[in-house]
Every structure is written in C-alpha cells, then in structure tokens.
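Accompanying notes for the structure given below.
Count residues from 1 along the sequence. Worth knowing before you read on, the calculation uses all heavy atoms, side chains too, and leaves out hydrogens, waters and symmetry mates. Everything numeric here is computed off the predicted structure, so don't read it as measured data.
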Amino acid sequence: VPYWTVRYYIGSGQRPTGCAVGSNSLLRVETDTPDPNVLPGNGDPLLACVLDMEIAFGLDTDEDGTIDTWDDGAKTVDAPGYTEAMLRKQLKTVKVYLLVQSGNRDRDYTFPNNNIQVGETIGTDTVGRSVPLTTEQRHYRWRMVTITKTLRNLR
C-alpha cells in the first residue's frame with residue numbers, strides 16, 4: 001500500500017469512567033489497511049464521552065466558486081462514492097459535528113428533548129441526523145461541537 005490513512009471514529013470498547021451509557025471516546029488511528037470497513041483495534045483517544053459524530057461535505061457542484069450543496073452521505077451513500085477528481089474540483093469545506101457529554105450525571109436534571117439534532121440546516125440542505133436519547137442519557141447535559149475546515153490546498 002503506497003499510503004497511510006488517518007481515521008476518526010467513536011470507540012466501541014470500554015467507555016471512559018463517568019461517560020453516559022452509549023457514549024465513548026473519539027479515537028484517531030493511522031493505518032495502511034486498504035479496506036475502509038476494517039478499523040484497527042486501538043486508536044489514540046482525542047475526546048471522551050462522545051455520543052455521535054456526523055460529517056458534512058460542502059460541494060461546489062457547478063464549479064462557480066461557491067458551495068451549492070451540503071452532503072452528509074445521504075445523497076451519495078457515503079464518501080467513498082466520490083471520485084478523487086470530483087473531490088479535487090468540488091470539495092470546498094468539511095464540517096464535523098460531535099455530540100459530547102457536558103459534565104457528570106445529574107439525577108435532578110432531565111434533558112428537555114427526547115432527541116438531539118446532530119448537524120444543522122445550511123441553506124436548503126439539512127445535514128446530520130436526529131439522535132434519540134435514552135431515559136438514562138437524558139440525565140446528562142449534552143453539547144454540540146462543530147469543527148469547520150475550509151480546504152484551500154486541493155489540486
């Protein structure tokens with residue numbers, strides 16, 4: 001394999017102490033595994049108590065210099081559906097949405113909604129998904145962390 005890839009995913013092993021059931025650490029791993037469906041067993045933890053992660057691609061499909069489509073995978077099935085040439089020409093911005101626990105369990109607190117929208121509506125495109133909370137998870141406070149990266153060096 002001529003290259004290494006960096007993958008980010010929510011772990012599935014033992015969750016960190018104090019995290020709500022269903023949440024885990026956001027992990028980063030470098031791999032040379034060619035199969036994108038195979039995740040190595042261990043990664044470097046970046047952030048604890050993450051319940052969900054969603055990603056959206058800002059695309060300039062008509063190549064006029066402005067983003068006209070936001071795709072979270074619902075339109076193209078998943079990122080591997082993009083060709084390298086398409087990404088080089090059309091991908092302008094990537095947004096990562098993380099649903100993160102904020103603080104410890106509070107038996108006297110109940111999160112006001114049964115679901116949390118992880119993502120946002122941008123123009124006419126809604127990206128992300130609605131994440132249902134269990135009764136136990138509603139005794140935690142949750143916040144959304146959004147990371148936006150505008151790409152400038154694709155050639």
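Ionic pairing of Asp52 and Arg129 is present here: one or more N-O contacts between side-chain nitrogen and carboxylate oxygen are shorter than 4.0 angstrom.
For the atom pair CD of Glu54 and CG of Asp72, the computed distance is 7.0 Å after rounding to the nearest 0.5 Å. Of the inter-residue distances, the one linking Gln137 atom CD with Leu99 atom CG reads 8.5 Å to the nearest 0.5 angstrom. Here OG1 of Thr134 is found 9.0 Å from NE2 of His139. Values are rounded to the nearest 0.5 Å. Rounding to the nearest 0.5 Å gives a distance of 5.5 Å between CG of Asp60 and CG of Asp68. Between the CG atom of Leu26 and the SG atom of Cys49 there is a distance of 12.0 Å, given to the nearest 0.5 Å. Rounding to the nearest 0.5 Å places OG1 of Thr93 at 8.0 Å from CZ of Arg152.
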Original post:
Does the side chain to side chain contact (heavy atoms under 4.5 Å, CB included) test come out yes or no for Trp70 and Lys95, once each step is laid out?
Top reply: CA-CA 10 Å; Trp70 283 93; Lys95 287 189 173 219; 3.8 Å; yes
**OP:** Dump the intermediate steps for side chain to side chain contact (heavy atoms under 4.5 Å, CB included) on Ile116 and Leu133, then the final yes or no.
**Re:** CA-CA 8 Å; Ile116 299 176; Leu133 297 178; 3.7 Å; yes
**OP:** Apply side chain to side chain contact (heavy atoms under 4.5 Å, CB included) to the pair Tyr8 and Leu46, showing each step before the final yes or no.
**Re:** CA-CA 9 Å; Tyr8 297 90; Leu46 298 176; 3.6 Å; yes
Original post:
Would Arg7 and Glu30 satisfy salt bridge (charged side-chain N to carboxylate O under 4.0 Å, His left out), going step by step from the backbone distance to the final call?
Top reply: CA-CA 6 Å; Arg7 298 182 188 179; Glu30 293 180 10; over 6 Å; no
**OP:** Evaluate the criterion side chain to side chain contact (heavy atoms under 4.5 Å, CB included) for residue pair Phe57 and Val94; output intermediate values, then yes/no.
**Re:** CA-CA 5 Å; Phe57 302 101; Val94 175; 4.1 Å; yes
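You'll find the side chain of Leu151 stays beyond 4.5 Å of the side chain of Lys92, heavy atoms only.
If you check the side chains of Arg138 and Asn114, you find a donor sitting under 3.5 Å from an acceptor.
Nearest heavy-atom pair, Leu98 versus Met53, reported as atom, atom and distance to 0.1 Å: CD2-CG, 3.5 Å. The two atoms that bring Pro16 and Asn24 nearest to each other are CD-OD1, 3.7 Å, heavy atoms only. In terms of heavy atoms, Ser23 sits closest to Gln101 at OG-OE1, 4.1 Å. Nearest heavy atom pair, residue Thr121 against residue Thr126, reads OG1-OG1, 3.1 Å. In plain terms, the two heavy atoms of Leu27 and Gly43 that are nearest each other are CD2-O, 4.0 Å. Here the closest heavy-atom approach between residue Gly128 and residue Gln117 is recorded as C-NE2, 3.8 Å.
Under the 4.5 Å side-chain contact rule for hydrophobic residues, Val50 and Val21 do not share a cluster.
Ring planes of Tyr140 and Trp142: tilted class, angle from 30 to 60°.
Each of Asp125, Asp71, Ile67 was evaluated against Leu59; a single residue qualifies, Asp71, per the side chain to side chain contact (heavy atoms under 4.5 Å, CB included) test.
The side-chain tip of Arg141 points at the ring of Tyr109 from less than 6.0 angstrom away and within 45° of straight on.
Within a 6.0 Å sphere centred on CD of Glu63, heavy atoms belonging to other residues, nucleotides or ligands number more than 12.
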